[in-house]
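Working notes, beginning with the structure itself.
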Amino acid sequence: MAVTLPAAREVSPGVRLHLFQQAPVQALLAGQAPDQWFADAAHHLKQSGKVDARLLRDRDGQLWFVKQYTPRGPLHRLLALCGVHRGVRMLRLSLMLAELDVPVPAPAAAVTQRDTGGARSWFVCQALIPARNLREAWEEDQWQSLGGVPAVFAQAATLFARLHGGGFVHGDMKWPNLMLGAGGQLVLTDLDGMSRPRVARWPGYGRDLARFLISAREFGVTETAIDRLVADYAGQRGAEVARVWRAITPSYDKLAARHRQKYGSSL
């Protein structure tokens, strides 16, 4: 699947933009350095290793999600210096998933910078406000405000079927990585581990489903609802239910053992 990115636009020496929305990058368009633009972000969300995520408020008061990527070692630094940037990859992935009708936050821009110190990039997209994920929604009212487990699992089955039907594997399909958009729509986030393997796809599909089901069983969702989700997914993929369970089981067993050891889970 090919998508067309907006042509890169150089806005200052070494700084380029692939741009869909001008609002969150007005300061960059006016020549501000990316360091200062990112430092002006309204709220820090996460800082871990080489990834720093923040919320940025534009001139109209709208919030945008911005994630900064710093090359992770010599290979990634070389790739970035050669024009392969993680921020641009996130923009391209978001567009590809949108083409598959997989709901993701609307992408706004990718920013790249090359200088004597190396190369960094930023990905900018819509901020989901209020920011609620599937786990938080469960802890609030066990999804009653979203129509209950059947309604949420029907959405989840369709999201998985579209994602996997396009050949993509998310890699970490835990409930906190499924956010809620307007009207309670599931929105897929945290795309950094996304892959599109050429072979052996079913083990990856099974791992995505297994990670989601680990969360479901930890929070006490009924086996009837889980079986219905798997059957719904299988039907949308045109696969036998038994085939789907065979893909799920190896990853589920490994993840369940890890959760028992690490978190004292009863799975």
Name the atoms and distances for all side-chain donor-acceptor pairs under 3.5 Å in residues 146-156, with sequence neighbours left out.
from: Gln155; atom 1: OE1; to: Leu186; atom 2: N; distance (Å): 2.8
from: Gln155; atom 1: NE2; to: Gly184; atom 2: O; distance (Å): 3.2

- Message: Quick check: do Arg207 and Leu255 have side-chain heavy atoms less than 4.5 Å from each other?
- Response: yes
- Message: Between Met194 and Leu97, does the side-chain contact (heavy atoms from CB on, under 4.5 Å) criterion hold? Intermediate values first, please.
- Response: CA-CA 11 Å; Met194 185 80 70; Leu97 293 176; 3.6 Å; yes
- Query: Under 4.5 Å between any side-chain heavy atoms of Ile214 and His259, yes or no?
  - Reply: yes
- Salt bridge Asp192-Lys67, side-chain N to carboxylate O under 4.0 Å: yes
- Of all the heavy-atom pairs spanning Gly167 and Arg196, show the shortest one and how long it is. O-CG, 3.3 Å
- Message: A cation-pi test, strictly: NZ or CZ of Arg162 under 6.0 Å from the centre of the six-membered ring of Phe168 and no more than 45 degrees from its axis. Yes or no?
- Response: no
- Note, Leu188 side chain near Pro103 side chain (heavy atom, < 4.5 Å): no
- Item | Step-by-step side-chain contact (heavy atoms from CB on, under 4.5 Å) determination, Val3 to Arg92 | CA-CA 7 Å; Val3 295; Arg92 182 175 285 108; 3.6 Å; yes
- Item | Greater than 12 external heavy atoms within 6.0 Å of Arg217's CZ | yes
- Query: Does atom CD of Glu223 have more than 12 heavy-atom neighbours, drawn from other residues, nucleotides or ligands, at distances under 6.0 Å?
  - Reply: yes
For residues 5-22, run the donor-acceptor check on the side chains, cut-off 3.5 Å, and write out each pair with its distance to 0.1 Å, sequence neighbours left out.
from: Glu10; atom 1: OE2; to: Gly14; atom 2: N; distance (Å): 3.2
from: His18; atom 1: ND1; to: Pro6; atom 2: O; distance (Å): 2.8

- Task: Could you check Tyr252, Tyr205, Phe160 and say which one makes a ring-ring contact (aromatic ring centres under 6.0 Å, His included) with Phe212?
- Result: Phe160
- Task: Give a yes or no on whether Leu213 and Trp143 share a hydrophobic cluster (residues Ile, Leu, Val, Met, Phe, Trp, Tyr; joining criterion: side-chain heavy atoms under 4.5 Å apart).
- Result: yes
- Met179 side, atom CE; Asp190 side, atom CG - distance, nearest 0.5 Å: 10.5 Å
- Item | Test item: Tyr69 and Asp52 side chains (from C-beta on) under 4.5 Å apart, heavy atoms | no
- Is there side-chain contact between Val187 and Leu180, with at least one heavy-atom pair below 4.5 Å? no
- Message: Checking the side chain of Trp245 only, and the main-chain atoms of Glu240 only, is there a donor and an acceptor separated by less than 3.5 Å?
- Response: no
- Message: Distance to the ring centre below 6.0 angstrom and angle to the axis at most 45 degrees; does that hold for Arg237 and Trp202?
- Response: yes
- Reported CG-to-CG distance for the pair Asp232 and Asp227, which is rounded to 0.5 angstrom: 12.5 Å
- Message: Would Arg228 and Tyr233 count as a side chain to side chain donor-acceptor pair (under 3.5 Å) here? Give the steps.
- Response: CA-CA 9 Å; Arg228 188 176 298 121; Tyr233 169 86; over 6 Å; no
- Trp175 versus Asn133, side-chain donor and acceptor atoms under 3.5 Å: no
- Cationic tip of Arg54 above Phe38 ring, under 6.0 Å, 45° of axis: yes
- Message: Please check this pair: side chain of Arg57 against backbone of Trp64, looking for a donor-acceptor N/O pair closer than 3.5 Å.
- Response: no
- Message: Quick check: closest heavy atoms across Ser94 and Val104, and the distance to 0.1 Å?
- Response: O-CG2, 3.7 Å
- Message: Is there a continuous path of hydrophobic side-chain contacts, each under 4.5 Å between heavy atoms, that joins Leu100 to Leu91?
- Response: yes
- Roughly how far, to the nearest 0.5 Å, is CD of Gln185 from CG of Leu178? 11.5 Å
- Does Ser121 use its side chain to pair, donor to acceptor, with the backbone of Gly87 at less than 3.5 Å? yes
- Message: Could you check whether any side-chain heavy atom of Val169 comes within less than 4.5 Å of a side-chain heavy atom of Asp208, counting everything from C-beta outward?
- Response: yes
- Task: Decide whether Leu29 and Phe123 are clustered together by the hydrophobic rule: side chain heavy atoms of Ile, Leu, Val, Met, Phe, Trp, Tyr closer than 4.5 Å, transitively.
- Result: no
- Message: Do Leu93 and Leu95 land in one hydrophobic cluster if side-chain heavy atoms of ILVMFWY residues count as linked below 4.5 Å?
- Response: yes
- Query: If Ile, Leu, Val, Met, Phe, Trp and Tyr residues are connected whenever their side-chain heavy atoms lie under 4.5 Å apart, and connections chain through other members, are Met96 and Met90 in the same group?
  - Reply: yes
- Note on the structure: Of all heavy-atom pairs linking Cys125 and Pro105, the shortest is SG-CB, 3.8 Å
- Message: Is the shortest side-chain heavy-atom distance between Val241 and Val230 below 4.5 Å?
- Response: yes
- Between atom CD1 of Ile248 and atom CD1 of Ile226, what is the distance when rounded to the nearest 0.5 Å? 9.5 Å
- Item | Distance-minimising heavy-atom pair for Arg132 and Ala137 | NH1-CB, 3.9 Å
- Can Trp37 and Gln32 be counted as having a side-chain donor-acceptor contact under 3.5 angstrom? no
- Message: Just by distance, no angles: are the side chains of His170 and Asn177 close enough, under 3.5 Å, to form a donor-acceptor pair?
- Response: no
- Item | Pair Asp35-Arg120, side-chain contact (heavy atoms from CB on, under 4.5 Å): steps then yes or no | CA-CA 10 Å; Asp35 278 343; Arg120 288 175 297 165; 2.7 Å; yes
- Query: Taking it one step at a time, do Lys174 and Arg135 satisfy side-chain contact (heavy atoms from CB on, under 4.5 Å)?
  - Reply: CA-CA 9 Å; Lys174 57 190 177 185; Arg135 174 176 178 166; over 6 Å; no
- Gln236 side chain to Thr158 side chain, donor-acceptor N/O pair below 3.5 angstrom: yes
